[in-house]
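Side chains are part of it too, since the values below use all heavy atoms of this structure and drop only hydrogens, waters and symmetry mates. Lettering of chains follows the sequences in order, A, B, ..., and the numbering in each one begins at 1.
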2 protein chains.
Amino acid sequence: MFSPENRFRDYLKKKGLKFTPERRLILKKVFSLHGHFDADKIYDEMHKKNRKLSRATIYRTFPLLVESNLVKETLRCQKRANYEPVFGYSHHDHLICINCGRVIEFRNDLIEHLQEKVCKKYRFEPLEHRLGIKGYCQKCAGKRQRR
Amino acid sequence: MFSPENRFRDYLKKKGLKFTPERRLILKKVFSLHGHFDADKIYDEMHKKNRKLSRATIYRTFPLLVESNLVKETLRCQKRANYEPVFGYSHHDHLICINCGRVIEFRNDLIEHLQEKVCKKYRFEPLEHRLGIKGYCQKCAGKRQRR
DNA sequence: TTCTAATTGAGAATCAATCGCAATTAGTAG
DNA sequence: CTACTAATTGCGATTGATTCTCAATTAGAA
């Protein structure tokens, strides 16, 4: 009963917006990629499959997906905005290579637990957190040494 | 003996670069602000004080300040790149109240340590990390309950 | 089936950041 | 101190991502 599409339809209806073929396609593509994506990625994938749709539509659809809590924007490492699905995926944090853009996902329960403790200490009620570590991945760190 | 300027001079000399008046001015401004800044902030501050210098020079100087470990780029959540000084400032993370905007700074060495361990595990060379927890501060959480 | 507000695509506009180039200059070597 | 040269500057043009404008189209309620 619960699927990204259902949630998206509900959200759109509640807002008086329409569930168009374009929005359905973008939604499907987003959830078929199983990972991070950006506007260009979606654009290219669509055009590869011969389904043309404009960049404007893609850029207009992303905020709706975020608002309906289906995806979230990740900490941006480069210039372009990057997203990842949240519906059906569990929480994790990121290592972001500032050279090649590679993103390594990790989950550390002890860190999560300590965050909760910090919140308790300050009587802070957490809703969401982001932990991003920027640096060089193994490959790029190696290349740097050799310079 | 150790000052941002000394460190910057050393860095520039080591790289065969020059310590120009423009670079000195930018450096001074950056460290007189005691907080986050971006290219436009520096540009405006300069022009307020009647010291004109071009945006290009500012954009060209920031990477040098980062490379010499005087400032760091914060993980960007908005469009424009944002920086903060590191020389003379100690690391901290943030609890951010999404209701009143209050920012609580905290430091937890165990979390820091665990982050290092994660990096080691993935052979990732960390340069900078940012942990932000969004939610409600004590005051605002209280108000919410009563609603 | 009708009607209307929402949506689309295409291209123009915007905004941050970078680049190319001619004129200038810091700082080293005499 | 002077000459020299590679680095630097400002300017304006350029790039690249994203947003906007607007006429034509369409989802979906009535």
Nucleic acid contacts - residues 19-29 of chain B versus DNA chain C, non-hydrogen atoms under 4.0 Å: B:F19, B:P21
Would you mind reporting whether A:V71 and A:F62 have side-chain heavy atoms less than 4.5 Å apart? no
Compile the donor-acceptor pairs under 3.5 Å between side chains in residues 104-112 of chain B and protein atoms, sequence neighbours left out, one pair per line.
from	atom 1	to	atom 2	distance (Å)
B:R107	NE	B:D109	OD1	2.8
B:R107	NH1	B:H91	O	3.3
B:R107	NH2	B:D109	OD1	2.9
B:N108	OD1	B:L110	N	3.0
B:N108	OD1	B:I111	N	2.9
B:E112	OE1	B:H129	NE2	2.9
B:E112	OE2	B:H91	NE2	3.2

Should B:F19 and B:F87 be counted in the same cluster of Ile, Leu, Val, Met, Phe, Trp and Tyr side chains packed under 4.5 Å apart? yes
What pairs with A:R9 under side chain to side chain donor-acceptor pair (under 3.5 Å), at least two apart in sequence or on another chain? A:E5
Using 30° and 60° as the class boundaries, would you call the ring planes of A:F31 and A:Y89 parallel, tilted or perpendicular? tilted
Just how far, in rounded Å, is P of D:dT19 from CZ of A:F62? 11 Å
Please round to 10 degrees the angle between the axis of the first five pairs and the axis of the last five pairs in the helix from C:dT1-D:dA30 to C:dG30-D:dC1. 40°
Side chain of B:T57 only, heavy atoms from C-beta on: which candidate in D:dT9, C:dA16, C:dG9 is closest? D:dT9
In whole Å, what is the span from the CZ atom of A:R60 to the P atom of C:dT8? 6 Å
Among residues 8-18 of chain A, which ones have heavy-atom contacts with DNA chain C below 4.0 Å? A:G16, A:L17, A:K18
Find the distance between CD1 (B:I58) and NZ (B:K41) and round it off to the nearest 0.5 Å. 12.5 Å
Beyond-backbone contact of A:R23 with A:R60, side-chain heavy atoms, under 4.5 angstrom: no
Of all heavy-atom pairs linking B:T61 and B:T57, the shortest is OG1-O, 2.7 Å
Under 4.0 Å between a side-chain N or O of A:Y59 and OP1 or OP2 of D:dT19? no
Closest approach to the side chain of A:K79, judged atom by atom: which nucleotide of C:dT18, D:dT18, C:dC19 is it? C:dT18
Would you please say whether a donor-acceptor pair under 3.5 Å links the side chains of B:R130 and B:H94? yes
Residue whose closest nucleotide on DNA chain C lies nearer the 5' end, B:R55 versus A:L53: A:L53
Measure the shortest side-chain to side-chain distance between A:I26 and A:L53 over non-hydrogen atoms and say whether it is less than 4.5 angstrom. yes
Tell me which residues in residues 35-50 of chain A lie within less than 4.0 Å of DNA chain C, going by non-hydrogen atoms. none
In Å and rounded to the nearest 0.5 Å, what is the CZ to CG distance from B:F8 to B:L65? 4.5 Å
With a 4.5 Å heavy-atom cut-off, do A:I133 and A:D93 have their side chains touching? no
For a quick test of reading the model, state the closest non-hydrogen atom pair linking A:K72 to A:V66 and the distance between them. CA-CG2, 4.5 Å
